[in-house]
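A short write-up of the structure that comes next.
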2 protein chains.
Amino acid sequence: MNYQIELRHFIYFLAVAEELHYRKAAEKLFISQPGLSTQIKQMEEILQTQLFVRDKKKVSLTPAGEFLKGEVEFILNHLEQTQKQLKLIGDGHSGEIRIGFLGSAMQNVVPKLLLDMKKKYPLVHTSLEELSNKAQISAIFRDKLDLGFVRLARVPKGLKIKPVFEDTFSLVLPKDYPLDEKGFKGIHQVSQDDFILFSQDYSPLYYDTVMSICEDGGFTPNVSHKSVHAQTIFKLVENNLGIAIIPTALQYGFQMEVKFIELKKIKQRAILSAVWKEDNRNPALQNCIDLLLKE
Amino acid sequence: MNYQIELRHFIYFLAVAEELHYRKAAEKLFISQPGLSTQIKQMEEILQTQLFVRDKKKVSLTPAGEFLKGEVEFILNHLEQTQKQLKLIGDGHSGEIRIGFLGSAMQNVVPKLLLDMKKKYPLVHTSLEELSNKAQISAIFRDKLDLGFVRLARVPKGLKIKPVFEDTFSLVLPKDYPLDEKGFKGIHQVSQDDFILFSQDYSPLYYDTVMSICEDGGFTPNVSHKSVHAQTIFKLVENNLGIAIIPTALQYGFQMEVKFIELKKIKQRAILSAVWKEDNRNPALQNCIDLLLKE
DNA sequence: TTTTTGTAATATTTAATAAGTATGAATTAT
DNA sequence: ATAATTCATACTTATTAAATATTACAAAAA
């Protein structure tokens with residue numbers, strides 16, 4: 001008596017509305033004609049609206065039926081589309097990946113990944129956010145980020161980390177500094193200068209690495225300024241407030257009056273790593289990581 | 001084995017997606033928990049997509065499930081509306097338009113529209129609901145509302161927005177405040193007062209506009225209270241807890257012991273806009289919009 | 001530790017109901 | 001007339017949703 005309308009009703013209705021003929025519609029649906037009759041009748045009862053006029057020898061739609069036909073076509077199409085879309089998302093071919101990164105990852109790793117993703121999974125959207133190491137780790141834990149690009153040696157339990165880019169370090173010097181690529185023999189030559197570094201808090205690994213570079217050169221650097229922005233560091237160097245050591249990749253993309261000397265002979269490397277949560281449920285993420293690590 | 005998805009599945013799914021708890025969802029649906037479990041499982045099989053993660057002790061949605069939740073909300077709302085429309089058409093009327101509005105739209109725009117509609121389309125029913133900007137946008141997206149009246153500068157993709165009423169702002173002052181229309185020279189005269197505003201969350205555009213009015217007056221307002229109801233704001237002003245700036249139209253329709261000074265010389269205007277979904281399928285809506293925009 | 005509590009998943013049975021068969025009534029065509 | 005075609009009704013069968021009872025597992029409490 002008090003049934004609920006179901007999609008089956010809509011499918012049957014549409015067949016009758018198209019054929020305007022119960023037997024033919026029933027054949028198309030591979031059910032018996034009486035079954036179809038009762039279902040349509042039931043449907044009219046549930047909706048409390050007459051949908052067809054059975055006018056002795058021919059069936060036709062009422063205005064309400066005409067309206068419903070349009071709606072049912074829309075609903076069934078929309079449903080089909082939804083199912084397709086759903087399957088894609090479930091298989092990781094669609095959806096969204098939220099990526100966090102350090103500014104320095106924007107020089108090569110991240111853009112390359114975005115291009116590869118777009119090529120292989122054009123339906124996957126990405127959202128990008130520049131964040132500190134710490135903020136990325138925390139965001140990944142809270143499931144606010146799927147993938148991060150950090151400079152860290154290790155990460156808390158539950159997260160996975162893989163190096164994705166290894167870079168040399170470079171000295172950043174003011175344009176008029178009395179030393180150039182040719183004259184450069186070793187890091188000890190700048191031991192008397194003030195140093196401008198990324199703050200320890202922002203990237204402990206970077207900080208420790210730079211310290212060890214200087215130690216290997218036989219001195220402890222005099223750190224005059226700390227910053228979290230490459231832009232700021234360059235600006236300070238430009239204004240003769242000190243010199244810096246940065247991952248080489250960072251020298252591209254800024255318009256600055258400074259010069260660089262790449263520290264090729266030094267063993268330390270600036271390592272950028274990808275981080276993600278082991279049990280992340282985003283199906284698109286695995287595809288993304290596979291793409292990132294495949295080479 | 002090879003079943004077909006049914007609306008029942010969607011209704012069950014939505015309950016679980018909302019409660020994230022099988023037993024509670026089952027109770028809400030007045031069915032048994034095992035029945036619900038099997039139906040959801042069947043649904044996942046039919047769709048060939050995992051929708052929930054049952055993580056021993058807690059249930060959560062997969063990205064695919066998250067996507068489906070939004071779609072199901074839309075589909076079920078649309079269906080409900082379709083049934084209502086169908087019944088009206090079957091009964092010889094011609095449909096229903098569901099309108100949402102901010103309280104301030106009730107002073108002129110909405111009543112006028114209702115009168116015009118009644119005159120031109122007497123068989124079209126309207127349902128009205130007072131909602132915040134945000135709630136209207138969300139309801140329009142989920143097909144719970146056909147037309148909204150908001151104060152927003154822009155709306156998400158897929159929605160259309162058109163200004164329909166431009167209003168000045170007015171100062172709201174306590175009855176005994178030592179300033180009146182004659183003595184009023186500019187907004188700077190009230191720069192020392194506390195301000196009571198509609199909350200930023202409720203109407204960001206209003207908030208920003210009031211801020212810019214004060215900035216133009218050379219000060220940053222000291223906001224002491226925020227509210228979402230004009231009634232409350234007037235009450236607070238009446239009790240000398242501060243002064244307010246509101247769209248002028250709001251001053252009508254309330255019985256309050258406050259006085260108003262219209263800020264005629266100020267360039268900012270309170271703009272009320274109509275919003276609707278581009279691909280809304282309600283046939284009565286287009287007529288309504290035409291009527292609304294024709295002047 | 002063991003017990004209790006709260007959770008979802010199985011197994012089995014029962015009840016609801018969609019769909020089938022057979023048939024009838026009404027209409028048109030021959 | 002008679003036959004053929006249409007949809008509706010009565011009744012039966014087969015399918016399947018949903019209920020009951022139970023299990024399995026984990027977390028919280030004793």
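Chain letters run A, B, ... following the sequence lines, proteins first and then strands; every chain starts at 1. All values below come from the heavy atoms of this structure, side chains included, with hydrogens, waters and symmetry mates left out. Here the structure is a predicted model, which means the values were calculated and not measured.
Taken over five-pair windows at either terminus, the axes of the helix from C:dT1-D:dA30 to C:dT30-D:dA1 are inclined to one another by 10° (rounded to 10 degrees).
The distance from atom CD of A:Gln4 to atom P of C:dT17 is 12 Å, rounded to the nearest whole Å. Distance A:Ile40 CD1 to C:dA18 P: 13 Å, rounded to the nearest Å. Between the CE atom of A:Met43 and the P atom of C:dA18 there is a distance of 13 Å, given to the nearest Å. Going from atom CD of B:Glu27 over to atom P of D:dA19 covers 12 Å, rounded to whole Å. Straight-line distance from the CG atom of B:Leu29 to the P atom of D:dA17: 15 Å, rounded to whole Å. What separates CD of A:Gln42 from C1' of D:dT9 is a distance of 15 Å, to the nearest Å. Computed from coordinates, the A:Glu6 CD to D:dT15 C1' distance equals 15 Å when rounded to whole Å. Note: CD1 (B:Ile31) to C1' (D:dT20) measures 14 Å, nearest angstrom.
At the phosphate of C:dA19, OP1 or OP2 sits under 4.0 Å from a side-chain N or O atom of A:Tyr12. Distances shown here put every side-chain N or O of A:Gln39 at or beyond 4.0 Å from the OP1 or OP2 atom of C:dT17.
More than 12 heavy atoms of other shown residues, nucleotides or ligands fall within 6.0 angstrom of atom CG in A:Asp208. Residue-environment remark: CD (B:Glu278) exceeds the threshold of 12 foreign heavy atoms within 6.0 Å.
Using modelled atom types, one finds no donor on one side chain facing an acceptor on the other under 3.5 Å when comparing B:Arg8 with A:Gln4. Side-chain contact of A:Arg151 with A:Ser104: a donor-acceptor pair under 3.5 Å is present, judged by distance alone. Side-chain contact annotation: B:Asp143 with B:Gln81, donor-acceptor N/O pair under 3.5 Å absent. In this structure, a donor-acceptor pair under 3.5 Å is absent between the side chains of A:Thr62 and A:Glu66.
One finds no salt bridge joining A:Asp290 and A:Lys120 here, because no Lys/Arg side-chain nitrogen approaches an Asp/Glu carboxylate oxygen to under 4.0 Å.
For A:His78 and B:Phe74, the gap between ring centers is short of 6.0 Å. Checked against a 6.0 Å centroid threshold, the rings of A:Phe52 and A:Phe13 count as neighbours.
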**Study point:** Base versus backbone protein contacts along nucleotides 5-12 of chain C [heavy-atom cut-off under 4.0 Å; B, S, -]
**Key:** --SBBB--
